[in-house]
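Reviewing the structure listed below.
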Amino acid sequence: MGKRRWIGFIALRYLSRSKKRRRSSASVSSMFTIIGIATGVFALIIVIGIMNGFQMGFIESILEISSFHLRIEKPLEESTEPWLSNPHIRSAITFSEFQALIRGTRKNQQVALVRGLPADAAGRDPAMIQALHLQAGSFAVDKTDSIILGTELARILGVRIGDPVSLASISGDLFGETRPELDTFVVTGIFRSNYYEFDSSWAFINMDRAIALQEGKGTVQLGVKLHDRWMDQQVQKELAKTNPDWSNRITTWREYNRSFFGALRTEKLTMFLLVGLIFVVVALNMYQSQRKSVLERREEIGLLRAMGASVPSIKTIFAINGFVVGFSGATLGMLPALWFANNIQMFFIMLEGLVNGFIGTANVIVTFISGNAIQFDQRITFFSPQVFYLKDIPCRLVPSEVLIIYLFGLLSATLASLWAAGPVSKLYPAEVLRYDQ
């Protein structure tokens with residue numbers, strides 16, 4: 001072990017500034033490489049964190065409100081007690097859905113998906129009520145004339161708590177005898193799930209009233225939620241084994257949302273690869289800087305070879321240089337990224353202030369040069385609520401993804417340095433020392 005200490009010593013000497021190479025091009029390139037890796041790690045962690053925040057918010061809203069973890073078609077008279085006996089099941093609730101036209105105080109009508117729930121829905125599935133985020137009123141469907149609307153749907157209809165709405169359902173065969181059933185409901189609650197589709201086109205009413213509006217021709221389903229949603233396939237097999245007749249009636253959340261979740265996965269992977277191109281550019285820069293370092297230190301490498309240093313040992317010196325550069329850049333990028341990810345609102349406030357300050361300074365300069373005042377009253381706001389349907393910018397970090405990003409930054413510089421040290425094997429001590437005399 002002691003015989004290899006000289007490798008670390010020389011590697012640290014190459015990283016430190018010497019009198020002869022106080023401003024060598026290789027050291028300057030290494031500084032830019034550190035800055036590039038730090039920028040890449042910082043940007044990738046922030047981008048992936050924000051993307052995770054949006055995607056996980058969508059996924060949680062869909063699973064808690066819409067698709068559940070398991071959907072099971074069941075007869076109306078069938079009891080739900082056998083389904084709750086499975087230890088993996090957290091909650092189960094019956095529901096019935098149908099499309100309808102809703103009209104409020106305004107003359108325009110809006111198509112909505114109406115879901116009928118039992119009177120004790122809030123007690124059976126409290127997680128769904130929590131995900132809906134009630135803004136006004138209460139989630140009470142114990143009365144047959146109660147209806148709960150999304151915020152955007154209530155805004156479109158022009159209704160508030162206590163206002164009446166008319167609901168027209170279409171029951172029967174489309175090509176047979178079809179007649180609209182018009183009923184009046186009173187708005188008792190308004191929710192905002194932060195998922196625009198739910199808030200603009202969803203409504204909840206009493207289960208018995210929903211069945212009556214469909215004239216008994218609607219389907220009744222059981223929405224099952226698990227303690228761990230990744231156990232859905234196992235629970236599906238267990239329930240199907242208990243009663244083989246249920247096997248074709250069970251749909252998991254993976255099957256129900258396959259296209260949407262697949263699109264989210266593809267979007268995230270594409271963004272990961274696009275932002276990850278920064279590390280490719282940084283690795284090429286590191287490769288060029290290390291090649292310059294090898295050429296600048298030809299005589300030193302030749303002297304080390306003459307003293308008995310092996311080619312792998314000399315390559316290790318440059319690999320250590322790349323490792324230190326990669327470690328420094330990845331750490332300098334990761335630490336502020338983790339802090340800003342936990343304070344993402346402050347990050348965007350600072351970014352907006354920087355951009356608006358730059359634009360304001362540019363306007364002052366242009367006005368001074370041209371002599372004409374430029375009006376710029378509107379401030380730039382990222383993720384403005386006037387444009388995007390959100391209140392706050394979500395950001396969630398997955399530890400495994402942060403580790404992968406960190407390793408990308410670390411290994412890109414290390415492997416590039418090891419690759420750049422390849423010409424060391426072609427340097428022969430006698431030739432180098434002969435021509436450098």
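Counting from 1, the numbers follow the sequence of the chain as shown.
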Can you tell me if [X] uses its side chain to pair, donor with acceptor, with the backbone of [Y] under 3.5 Å?
| X | Y | result |
| --- | --- | --- |
| Ser412 | Gly409 | yes |
| Arg115 | Ser66 | yes |
| Asn206 | Ser146 | no |
| Arg249 | Ile72 | no |
| Ser96 | Thr219 | yes |
| Gln55 | Leu264 | yes |
| Thr105 | Gly158 | yes |

Give a yes or no on whether a salt bridge exists between [X] and [Y], defined as a side-chain N under 4.0 angstrom from a carboxylate O.
| X | Y | result |
| --- | --- | --- |
| Lys268 | Glu401 | yes |
| Glu152 | Arg155 | yes |
| Arg90 | Glu64 | yes |
| Arg71 | Glu255 | no |

message = Ile147 and side chain to side chain contact (heavy atoms under 4.5 Å, CB included): which single residue from Val186, Val141, Leu167, Thr188 fits?
response =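 For Ile147, the side chain to side chain contact (heavy atoms under 4.5 Å, CB included) check succeeds only for Leu167.
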Is the count of non-hydrogen atoms from other residues, nucleotides or ligands lying under 6.0 Å from [X] atom [atom1] greater than 12?
| X | atom1 | answer |
| --- | --- | --- |
| Phe260 | CZ | yes |
| Tyr406 | OH | yes |
| Arg192 | CZ | yes |
| Met56 | CE | yes |
| Gln345 | CD | yes |

Exercise. Do Ser201 and Tyr196 meet the criterion of a side-chain donor-acceptor pair at a distance under 3.5 Å?
Worked result: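 There is no such pair between these side chains.
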*asked:* Go through it in stages, so that I can follow the logic: the residues are Phe408 and Ile37, the test is side-chain contact (heavy atoms from CB on, under 4.5 Å), and I'd like the CA-CA distance, side-chain angles, deciding distance and then a yes or no.
replied: CA-CA 9 Å; Phe408 274 176; Ile37 293 175; over 6 Å; no
Would you name the heavy atoms of [X] and [Y] that are closest together and state the gap between them?
| X | Y | answer |
| --- | --- | --- |
| Ser193 | Ser61 | O-OG, 3.8 Å |
| Ala337 | Ile46 | O-CD1, 3.7 Å |
| Gly104 | Val165 | CA-CG1, 4.3 Å |
| Gly116 | Ala210 | CA-CB, 3.7 Å |
| Ala92 | Leu222 | CB-CD1, 4.0 Å |
| Leu63 | Lys225 | O-CE, 3.8 Å |

At what distance, to the nearest 0.5 angstrom, does [atom1] of [X] lie from [atom2] of [Y]?
| X | Y | atom1 | atom2 | answer |
| --- | --- | --- | --- | --- |
| Arg124 | Ser91 | CZ | OG | 10.5 Å |
| Ile50 | Ile45 | CD1 | CD1 | 12.0 Å |
| Ile205 | Asp145 | CD1 | CG | 11.0 Å |
| Ile190 | Gln135 | CD1 | CD | 9.0 Å |
| Phe327 | Leu332 | CZ | CG | 9.0 Å |
| Tyr195 | Glu60 | OH | CD | 13.0 Å |

- Answer yes or no on whether Arg209 is positioned over the face of Phe185, meaning its NZ or CZ is under 6.0 Å from the six-membered ring centre and within 45° of the axis.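 The answer is yes, since Arg209 meets both limits relative to Phe185.
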Lys NZ or Arg CZ of Arg229 over Trp253 ring: under 6.0 Å, within 45°:
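Pair Arg229/Trp253 counts as cation-pi.
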Measure the acute angle between the ring planes of Phe58 and Phe54, then classify it against the limits of 30° and 60° as parallel, tilted or perpendicular.
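Geometry flag for Phe54 against Phe58: tilted rings.
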Geometric class of the Phe42/Phe340 ring pair [parallel <30°, tilted 30-60°, perpendicular >60°] |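 It falls in the perpendicular class, over 60°.
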Flag side-chain contact, heavy atom, 4.5 Å: [X] against [Y]:
| X | Y | answer |
| --- | --- | --- |
| Ile393 | Phe347 | no |
| Phe95 | Phe68 | yes |
| Gln99 | Val111 | yes |
| Val235 | Leu70 | yes |
| Thr270 | Thr266 | yes |
| Val398 | Asn52 | yes |
| Asp125 | Leu117 | no |
| Leu153 | Asp199 | no |

**Report entry** side-chain hydrogen bond (donor to acceptor under 3.5 Å, both in side chains) partners of Arg254, counting only residues at least two apart
**Finding:**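 Arg254: side-chain hydrogen bond (donor to acceptor under 3.5 Å, both in side chains) contacts with Asp232.
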Assess the pair Phe191 and Phe204: is the distance between their ring centroids shorter than 6.0 Å?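 That pair passes the under 6.0 Å test.
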Query raised in the report: Between Ile250 and Gln236, does a side-chain contact (heavy atoms from CB on, under 4.5 Å) hold up when you go through it step by step?
Result: CA-CA 7 Å; Ile250 304 175; Gln236 181 186 25; 3.8 Å; yes
